[in-house]
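Worksheet: one structure, shown below.
Nothing here was measured: the structure is a model prediction, and the numbers come from that model. Protein chains get the first letters and strands the later ones, always in sequence-line order, with residue 1 at the start of each.
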Amino acid sequence: MNSDDDYYSDNDYDGSVGSDDESGSEDDYGFDLTTVEEDGTRRPPYTVLSEEDILSEQREAIDGVVSVLSVDTSTATTLLRFFKWSVSRLHDDWFQDEARVRAKVGLPPSSSNEGVAKASTTCQICFDEYAPDKLRSASCGHFFCQECWQGYLKTGINDGPGCLSMRCPLPDCNSLVPETLIEELVEADELAKYKRFHLRSYVEDNHKVKWCPAPGCCFAVELKSAVPAANEPLDIGCKCGTSFCWSCDQEAHRPVDCETVKKWVLKNSAESENMNWILANSKPCPKCKRPIEKNQGCMHMTCTPPCRFEFCWLCLAPWSEHGERTGGFYSCNRYDANKNAGEYDETEKRRENARNSLERYMHYYERWAAHEKARVKAQEDLKEMSDDKLKRLSECQSTPVSQLKFVTDAWTQIVECRRVIKWTYGYGFYAELSQDRRNFFEFMQGEAELSLDNLHRAAELELAPFLSLDTTPTSSPVPAGLAASPSTASYATSPAGSVSSLYGTTAAFDDFRSKLTGLTAITKHFFDTLVCQLEKGLDSSDNTQVIEAMVRSKTSEKWKI
Amino acid sequence: MAANSQLPRRIIKETQRLLSEPAPGISASPSEDNLRYFNVMILGPTQSPYEGGVYKLELFLPEEYPMAAPKVRFLTKIYHPNIDKLGRICLDILKDKWSPALQIRTVLLSIQALLSAPNPDDPLAEDIAKQWKEDEAKAVATAKEWTRQYAQG
Ligand SMILES: [Zn+2]
Ligand SMILES: [Zn+2]
Ligand SMILES: [Zn+2]
Ligand SMILES: [Zn+2]
Ligand SMILES: [Zn+2]
Ligand SMILES: [Zn+2]
């Protein structure tokens, strides 16, 4: 890629950032969700399983046990279920004391031949006498007629997953009903139910597999790495599009720990009534005071003409102060408790403290909520993009869809980053950090947030014109139909004429491509840094280096809008 | 009766045996118009607070019997931590521990045993169980009083 090279020329990028994006690796979740081993190799820490996958893994595990323990399939299945699908634990116990395992599980001794009746006997359930071929036993010599067995098994299966370990009907007999007997006697409907419980047991009894918690989702996730410690987050991206945390089933929240997320979610619900106003969709423009509705994802707002004031949705300061960094760092993300400092007597001080604690919470909550909203919006946009707009873009730009992956990559990145940045506000609220560490954290958070907003804005606003076949410059500076509606006011960005004359030309689209690709890469880089540093506990020894690297990679770019 | 003519052989056999060889201290006889409904009488076991009492119960065999447990209920008022004021009984074999190889006779013997050995740790009547654990002597006295008052008519 020609001009993209500019973005990767800096030494601070590891080459994989760019090349990954270009080659389009399949497991690209927009973030680095792979685990890095000691030796530096990367592998995904889990796999997503469909029902067929579950069945084939189950079959594989059973076949393995059949051949290693020299038992039949039914016995192997029973053993695996009993050992919660842990082959290694089963092997350990079995080879240590097979007889004990058999007794514990309820299997007959290996020499047993009690399954077949030798003489006519009275069935202990219906009290009728039957010939040997009409009687069955769970290999324990307690015989019941086929019909009574059928009733017994059917009742057990309809009672729930407990049917996977049904015992001989005789009270106090521990003999497990062999699967072969169930398959022989149970009708198709019940057998299907039984098989369903069997499938579920692979997920529900196995501590390395669990169902995706999204309602209606049929996928399961199997960990390939060790189960994380309690409170340690592990983001899972299900094939249904949901991302959730393995450890707490909440929405994915790496790098913030589960406990913080739980506290934060609880606090939000306790405060929800007080905070509703924060979720408002419109705020007065800080300059002309007209209400401006937020209907886009990024926080960079532009007032309707003629005002066109550009400001930050979160702090209402002019956007130029975010973008150009007059003096200090980007500081929209930090809470400054000293804003209102002054001379107080004790009572006033206490009142001020109380107010501060609410204000402090509001600061974090507003940002958390705004990023969540932006994430939801971006997710919808991403879906719309892949479902429909990408095809249109391909037609308008005479470019095959396969070469437009940079657009969905950008949106995927935006969705993931909105989620991460959101949780860093929950973290920021609770974390007890030294001033040094807090500064370091807020610097990275601020830079990550700013790059994300630039990326988001480019994906939202600058892409739109390329979706139109009309290449002639519009006479009005605002595209017709947009200006009239206040809800889309924010889309009236720059005087459009200067750019729109280039729309539709290959050069303009190529420029857009390199810009978006570059913004995606630097945003990913900044977020990877943020996530990595948070997981390392903001270790202060390399803070200065990290900050310098971020500043350098920024100043060497023309990525600002 | 049409319904009774389809009575499973097992129920008929159980009924015959209950009538011909009753268990000590227990009587159970089917109602005339419904052979799945039994009138039951259990004598309070000796050396229990229920000694000297005669307890009436009803027992019903549901359609699914013996795959499902019989339904049993005390009709006589009784002060017992595992029996509530509606006469419902907390007994494992009447619930998840039911097996089709159990019978009416085994159920009634288990209920009789429950009268000899109340289990306040698995209570159905919370208030009685609490009383039983806090002051057993007083609870036993109350149970005896109830026996005299309600089970000796
Ligand atoms: Zn039978
Ligand atoms: Zn048995
Ligand atoms: Zn899912
Ligand atoms: Zn979690
Ligand atoms: Zn304005
Ligand atoms: Zn701001």
Side-chain angles (χ1 to χ4, degrees), chain A residues 106 114 117 120-131 134-177 181-182 185-187 189-191 193-194 197, chain B residues 3-23 26 28 30 35-36 38 59-72 89-114 117 119 122:
Chain A
E114 298 286 351
S120 295
T121 312
T122 303
C123 166
Q124 286 308 301
I125 293 177
C126 62
F127 298 169
D128 284 333
E129 193 165 302
Y130 290 90
K134 299 276 184 262
L135 293 161
R136 297 287 181 279
S137 119
S139 314
C140 54
H142 305 128
F143 288 97
F144 305 94
C145 75
Q146 284 172 323
E147 204 182 317
C148 286
W149 267 115
Q150 276 164 346
Y152 179 69
L153 298 175
K154 180 178 173 170
T155 309
I157 291 169
N158 286 323
D159 268 358
C163 69
L164 293 177
S165 52
M166 283 187 287
R167 310 275 161 176
C168 164
L170 201 76
D172 301 328
C173 178
N174 189 42
S175 249
L176 205 85
V177 178
L181 193 60
I182 294 169
L185 295 178
V186 162
E187 279 171 41
D189 274 9
E190 270 84 36
L191 194 60
K193 257 190 224 174
Y194 177 83
F197 288 126
Chain B
N4 291 335
S5 66
Q6 286 151 18
L7 208 63
R9 181 117 81 116
R10 150 141 180 178
I11 297 181
I12 296 168
K13 284 195 177 173
E14 270 199 77
T15 308
Q16 283 169 349
R17 185 152 170 249
L18 278 167
L19 296 172
S20 62
E21 319 163 35
I26 296 175
L35 295 179
R36 287 178 174 270
F38 289 74
L59 181 148
F60 178 71
L61 303 176
E63 191 56 44
E64 304 79 29
Y65 183 82
M67 293 308 155
K71 306 207 176 306
V72 201
I89 307 162
C90 180
L91 189 63
D92 57 359
I93 60 160
L94 290 176
K95 294 171 193 154
D96 54 321
K97 288 279 159 40
W98 171 253
S99 154
L102 293 166
Q103 300 176 24
I104 299 173
R105 171 189 293 271
T106 32
V107 167
L108 296 179
L109 284 168
S110 300
I111 293 172
Q112 194 183 41
L114 190 67
N119 177 13
D122 183 21

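The 12-atom threshold is exceeded at NZ of A/Lys193, counting heavy atoms of other residues, nucleotides or ligands nearer than 6.0 Å. Within a 6.0 Å sphere centred on CD of A/Glu129, other residues, nucleotides and ligands contribute more than 12 heavy atoms. Atom CD of A/Gln150 has more than 12 neighbouring heavy atoms from other residues, nucleotides or ligands inside a 6.0 Å radius.
Interface remark: B/Glu64 contributes no atoms to any contact with chain A (heavy atom separation under 4.5 Å). The parts of B/Pro100 that come within reach of chain A are both its backbone and its side chain, each placing non-hydrogen atoms under 4.5 angstrom from that chain.
Put simply, the side chain of A/Tyr152 reaches to within 4.5 Å of the side chain of B/Met67, judged on heavy atoms. Considering only heavy atoms from C-beta on, A/Asp128 comes within 4.5 Å of B/Lys13 through its side chain.
Contact detail for B/Arg10 and A/Gln124: the closest heavy-atom pair is NH1-O, 4.1 Å. The minimum heavy-atom distance linking B/Ser99 with A/Pro171 is given by the pair OG-CD, 4.0 Å.
Of the possible donor and acceptor atoms, none in the side chain of B/Arg9 sits under 3.5 Å from a partner among the backbone N and O of A/Phe127.
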Report the C-alpha distance between A/Asp172 and B/Lys97 in whole Å, list the side-chain angles of each, state the deciding distance to 0.1 Å, and finish with yes or no for side chain to side chain contact (heavy atoms under 4.5 Å, CB included). CA-CA 10 Å; A/Asp172 301 328; B/Lys97 288 279 159 40; over 6 Å; no
